[in-house]
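Only a predicted model underlies this, so the values are computations on that prediction, with no experimental measurement involved. Proteins get letters first, then strands, A, B, ... in listed order; numbering begins at 1 in each.
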2 protein chains.
Amino acid sequence: MTRKRFDDLGCSVACALNEVGDWWSLLVIKQAMLGTRRFVDFQNGLGIAKNILCDRLSRLVDNGVMTRVNVGEHGTRYEYRLTDKGRDLFTVVVALRQWSERWNGNKDDMQLVDRSSGEPLAQVVVQNADGEVLTVRDVLFVDENGQPLEQAG
Amino acid sequence: MTRKRFDDLGCSVACALNEVGDWWSLLVIKQAMLGTRRFVDFQNGLGIAKNILCDRLSRLVDNGVMTRVNVGEHGTRYEYRLTDKGRDLFTVVVALRQWSERWNGNKDDMQLVDRSSGEPLAQVVVQNADGEVLTVRDVLFVDENGQPLEQAG
DNA sequence: GGAAAAGGTTGCATTAAGAAACCAAATCAA
DNA sequence: TTGATTTGGTTTCTTAATGCAACCTTTTCC
């Protein structure tokens with residue numbers, strides 16, 4: 001019984017989860033955003049088993065989220081760096097962080113601030129084209145013909 | 001060897017992933033945002049095994065993301081509805097959707113539009129207090145003493 | 001040159017996931 | 001009212017994933 005694939009589910013969210021939806025991937029990405037580049041530093045920073053880390057890093061590389069760069073003089077010192085695609089997950093990571101802080105309190109040792117001002121960030125929100133904040137009740141899911149689907153709260 | 005717990009990792013992202021970080025939870029939540037409330041409808045809509053759906057729903061209920069409401073006359077007709085905490089994951093779901101669409105193309109049968117205007121939504125972004133858009137390079141991770149940590153891209 | 005570090009791989013035990021069968025209560029059709 | 005079907009599960013079995021520890025090779029440090 002191989003694990004269910006999500007990329008043929010006709011859903012972009014499922015497709016995203018297929019790439020970064022397991023327990024560790026987003027934490028590896030968050031660690032990379034924090035500055036970590038070396039295998040051992042990921043291992044120590046996350047407390048992840050080496051074989052799992054191997055698997056996650058190579059999967060992230062395969063999916064174009066990270067790259068493996070050879071930085072050794074003679075061959076076997078590597079760095080794992082975020083690609084543009086990986087860095088673009090910043091929104092997701094921050095949204096998850098803020099959600100957790102709103103509902104579970106701040107469990108984090110560290111804080112995220114604007115580099116130039118030192119001030120905390122604004123809350124990540126969903127907006128319409130005019131910049132108005134939208135909740136799930138303010139949107140419609142429409143099919144390819146523009147027909148709206150039922151929606152709930 | 002029980003799966004690693006993330007809620008004692010000193011990280012809000014890890015704490016969030018501990019609640020909704022497995023393969024199915026966010027899809028169940030997205031399905032609920034789409035209007036699904038009944039057990040069978042989740043099952044048909046997602047193609048998930050019943051025992052896994054049972055487990056995920058009850059875990060989401062335990063974590064306060066959904067509630068189980070008895071809607072039957074005599075006892076065993078249930079609806080699973082999002083709580084405020086669950087609805088608040090809208091930002092995360094939309095951010096994931098949009099990321100996937102930006103990098104993998106739109107794999108989705110349906111589209112998300114502003115209910116009042118019918119227009120597509122704006123891209124979810126991270127902003128500072130002044131409303132300026134920030135990337136991961138524009139932020140600093142600081143510890144509890146305000147000391148900045150190294151950061152990369 | 002010897003020791004340690006980096007980046008893995010392998011083997012084993014435990015847990016989770018998926019499919020299918022089964023089941024009891026409630027509802028629906030006749 | 002009876003019988004079938006739906007709903008919301010639970011159980012069993014097989015396969016896959018996770019975690020830990022040991023090991024291994026190349027490279028760097030002293």
Side-chain angles (χ1 to χ4, degrees), chain A residues 1-9 14 17-28 31-32 35-63 66-81 152, chain B residues 1-9 14 17-28 31-32 35-63 66-81 152:
Chain A
M1 316 288 139
T2 154
R3 219 205 65 238
K4 200 105 178 179
R5 291 182 59 83
F6 287 152
D7 49 0
D8 53 357
L9 215 62
L17 291 174
N18 209 48
E19 294 190 338
V20 297
D22 73 288
W23 295 100
W24 283 113
S25 291
L26 269 179
L27 283 183
V28 170
Q31 189 77 23
T36 300
R37 297 181 166 190
R38 305 297 290 270
F39 189 92
V40 279
D41 294 332
F42 283 106
Q43 204 193 327
N44 295 332
L46 295 172
I48 183 175
K50 294 170 83 173
N51 49 353
I52 306 298
L53 180 57
C54 268
D55 180 77
R56 280 321 106 91
L57 284 172
S58 57
R59 191 189 303 178
L60 290 171
V61 169
D62 288 346
N63 288 331
M66 304 189 79
T67 47
R68 191 169 99 139
V69 181
N70 194 333
V71 297
E73 302 278 312
H74 302 92
T76 63
R77 286 297 179 279
Y78 301 109
E79 278 188 5
Y80 293 89
R81 300 182 193 168
Chain B
M1 312 294 139
T2 152
R3 218 204 67 238
K4 200 103 176 180
R5 288 183 60 84
F6 287 152
D7 49 359
D8 52 358
L9 213 62
L17 290 175
N18 209 49
E19 294 191 336
V20 296
D22 71 288
W23 295 101
W24 283 113
S25 290
L26 270 180
L27 284 183
V28 170
Q31 189 76 25
T36 299
R37 295 179 167 192
R38 305 296 290 270
F39 187 92
V40 278
D41 295 331
F42 282 106
Q43 204 191 327
N44 296 332
L46 295 171
I48 184 176
K50 295 170 84 172
N51 49 352
I52 306 298
L53 179 57
C54 268
D55 181 78
R56 280 322 105 90
L57 284 171
S58 58
R59 192 189 300 178
L60 289 171
V61 170
D62 288 346
N63 288 330
M66 303 189 79
T67 48
R68 191 170 98 138
V69 181
N70 194 333
V71 296
E73 301 277 314
H74 303 91
T76 62
R77 286 296 179 278
Y78 300 109
E79 277 188 6
Y80 293 88
R81 301 183 192 167

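- We find that CZ of A:F39 is positioned 14 Å from C1' of D:dT25, with the value rounded to whole Å.
- Side chain of A:D55 to main chain of A:N51: no donor-acceptor pair is present (N/O by atom type, distance under 3.5 Å, no hydrogens or angles).
- In this structure, B:K4 places its NZ atom 17 Å from C1' of C:dA16, rounding to the nearest Å.
- The distance from atom CG of A:L53 to atom P of C:dT9 is 11 Å, rounded to the nearest whole Å.
- To the nearest 0.5 Å, atom CD of residue A:Q31 and atom CG of residue A:L53 are 10.0 Å apart.
- With C:dT9, D:dG8, C:dA19 as the choices, the nucleotide that has an atom nearest any side-chain atom of B:A49 turns out to be C:dA19.
- Here the CG-NZ distance, from A:L27 to B:K4, works out to 11.5 Å after rounding to the nearest 0.5 Å.
- Rounded to a whole Å, the CG atom of B:N70 is 12 Å from the C1' atom of D:dT7.
- Listed nucleotides: D:dT27, D:dG9, D:dG19. Nearest to the side chain of B:Y78: D:dG9.
- Straight-line distance from the CZ atom of A:R68 to the C1' atom of C:dG7: 8 Å, rounded to whole Å.
- One finds a side-chain N or O of B:R38 lying less than 4.0 angstrom from the OP1 or OP2 phosphate oxygen of D:dG8.
- As judged by a 4.0 angstrom heavy-atom cut-off over every strand, B:W23 is placed among residues making no nucleic acid contact.
- For the OP1/OP2 pair of D:dG19 and a distance below 4.0 Å, the side-chain nitrogens and oxygens of A:W24 include at least one atom meeting the criterion.
- Rounded to the nearest 0.5 angstrom, A:F6 CZ and B:L26 CG are separated by 10.0 Å.
- For A:I52, the listed nucleotide lying nearest its side chain is D:dG19; candidates were D:dT7, D:dT10, D:dG19.
- Side-chain N/O atoms of A:R77 include none lying less than 4.0 angstrom from OP1 or OP2 on D:dT26.
- Judged by closest nucleotide on DNA chain C, A:E79 is the one of B:R59 and A:E79 placed further toward the 5' end.
- Of the two residues contacting DNA chain D, namely B:L57 and A:D55, the nearest-nucleotide position lying further toward the 5' end is that of B:L57.
- Here D:dT18 presents its P atom at 14 Å from CG of A:L46, a figure rounded to the nearest Å.
- Cation-pi geometry between A:R37 and A:F39 is not satisfied (NZ or CZ under 6.0 Å from the ring centre, within 45° of the ring normal).
- Within 4.0 Å (heavy atoms only), B:N51 reaches at least one base atom of the nucleic acid.
- A:L27 has its CG atom 11 Å from the P atom of D:dG19, to the nearest Å.
- A donor-acceptor contact under 3.5 Å links the side chain of A:K50 to the base of C:dG8.
- Atom CZ in B:R3 sits about 8 Å away from atom P in C:dA17, given to the nearest Å.
- Heavy atoms of A:F42 sit nowhere under 4.0 angstrom from any nucleic acid atom.
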